[in-house]
Q: 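Handing you this structure, nothing more for now.
Values below: every heavy atom of this structure, side chains too, minus hydrogens, waters and symmetry copies. Proteins get letters first, then strands, A, B, ... in listed order; numbering begins at 1 in each. Remember, predicted model here, so these are calculated numbers, not experimental data.
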Number of protein chains: 2
Amino acid sequence: MMHKTISLADQIFERLESDILTGVYPIGSVLTELSLSEDLGVSRTPIREAVRRLEQEHLVEPSSKGVVVLSITPHDAMIIYDIRIQVEGLAARACAENITDEQLAEMKELLELQEFYIKKADSEKIKNTDSQFHQMIYQFAGSPVYYDTLAPLHNKTQKFRKASVARSGKAVNSHQEHHDIYRAIAARDPDAAELAMKRHVEEAKKRLAELAEI
Amino acid sequence: MMHKTISLADQIFERLESDILTGVYPIGSVLTELSLSEDLGVSRTPIREAVRRLEQEHLVEPSSKGVVVLSITPHDAMIIYDIRIQVEGLAARACAENITDEQLAEMKELLELQEFYIKKADSEKIKNTDSQFHQMIYQFAGSPVYYDTLAPLHNKTQKFRKASVARSGKAVNSHQEHHDIYRAIAARDPDAAELAMKRHVEEAKKRLAELAEI
DNA sequence: TCATGGATATATGCATACAATTATACTCGC
DNA sequence: GCGAGTATAATTGTATGCATATATCCATGA
């Protein structure tokens, strides 16, 4: 009997990550292992493990007392986008070269789901599917190096992106760009995939820059 | 009194990381928390923490029993270089825009030191200064994003690079390229800096590819 | 002989207890 | 009233114990 049991540490990490990115724990707030373990009703052990992972992803930073929730400056966000433009371009290219039919089908399904949420103007779900699309690219690119490099960068821009996608018109643009990327990958055209991805991340950067009035 | 006390978990992580990268624990070998705690004479708690970090860096992989030591495939190494070509290019550009005079002086000093070691053919020191030069670029680029992204990638290619630099002739090439980068940064010429860095990492990739007979 | 099932050993996941460090608050002396 | 020094509290680091899941080995039966 293959009972898939997810460890408490993993669950807590995901919850804390999400709560930080969505602002439940505001920037600058302090988290201690003890208070978290009381809040979440578990011992410090799995909390510690989760917090260590948050540290590695630079979502929190050790301080004299506990860890403090970090933010990124608009400047950092712009740099992250510059890096993503280049590296996600490479990842999309690798995807076009390596993706399997099953993975392609999965990707298509996700795009259809996103279309559905766009029609319903459910910005929270739109944001989620958006993230999932990019993470699929990272995972289907054929080397864990892509995911390891890009996932933390992507995470760090989440809260900026949230505001960006909330404007429904922009979400449609983004979805169209995703579809362009998908088509290039489905056609196994690395050049087109890289170009489409680079354009997409560049547009995302522009949308953010406008919004943040940088 | 500022007594810097390094946690056991940190020490163990560094030791295990080094031992894996240098082959003390060969690829495919299995490590269990219990055996490690007995070997190193500490409890499982700091071992666990270190092993989790190794997992995140993909140096080991969970298996049915303990974790298995992974290797970086030559394919992954090539991908890492492709990413570094792009991102270190951006970092060098940012460096040229942001570096202070003091930092510049520090960089120059390091290059002179490297020249000294090259004359002495001390390949270990050459390797060290080489790493330091790149890490300086990451640090002087004006945003922690560069360091966070590039340092892990740089680390992962260390053992390949070691073999590469051991060939003294190549080390001289590499040093010349470093000097080109330095000159462009010193001249505050972002375009030249980016170009020089990209060329340098490309050459490093080629040197490795030849050596690894990929 | 080989498959099957259960006992045993081994591993991890989590909780808890303790030690040690660091921050905080308080008191005493000036 | 204010600063220094000390006591106290809070927090992390580490060890240990227990529960649970999994693998291994052995015995038993067809």
Q: In terms of side-chain geometry, is the basic nitrogen of A:Arg207 or A:Glu177 positioned less than 4.0 Å from the acidic oxygen of its partner?
A: yes

Q: Please report the distance, rounded to the nearest Å, between CD1 in A:Ile6 and C1' in C:dG13.
A: 14 Å

Q: Charged N to carboxylate O below 4.0 Å: is that the case for A:Arg53 and A:Glu14?
A: no

Q: Going by heavy atoms in the side chains, are B:Thr149 and A:Ile80 under 4.5 Å from each other?
A: no

Q: Listed by chain and number, what are the ring pair (Phe, Tyr, Trp, His ring centres under 6.0 Å) partners of B:Tyr25, not counting sequence neighbours?
A: none

Q: In terms of ring plane angle, is the pair A:Tyr138 and A:His154 parallel, tilted or perpendicular, where the classes change at 30° and 60°?
A: perpendicular

Q: Please state how far atom CZ in B:Phe13 lies from atom C1' in D:dG13, giving the value in whole angstrom units.
A: 18 Å

Q: Regarding B:His134 and B:Glu88, do their side chains bring together a donor and an acceptor under 3.5 Å, going by distance alone?
A: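 Indeed, the side chains of B:His134 and B:Glu88 share at least one donor-acceptor pair under 3.5 Å.
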
Q: Which residues, if any, of residues 38-58 of chain A bring a heavy atom under 4.0 Å of DNA chain D?
A: A:Arg44, A:Arg48, A:Arg52

Q: Would you please say whether a donor-acceptor pair under 3.5 Å links the side chains of B:Tyr81 and B:Glu202?
A: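 Looking only at side-chain atoms, B:Glu202 and B:Tyr81 do not form any donor-acceptor pair under 3.5 Å.
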
Q: Name the pairs: protein N/O against N/O of nucleotides 7-11 of chain D, kept only if under 3.5 Å.
A:
none

Q: Looking at A:Arg52 and B:Asp10, does any basic side-chain N land under 4.0 Å from a carboxylate oxygen?
A: no

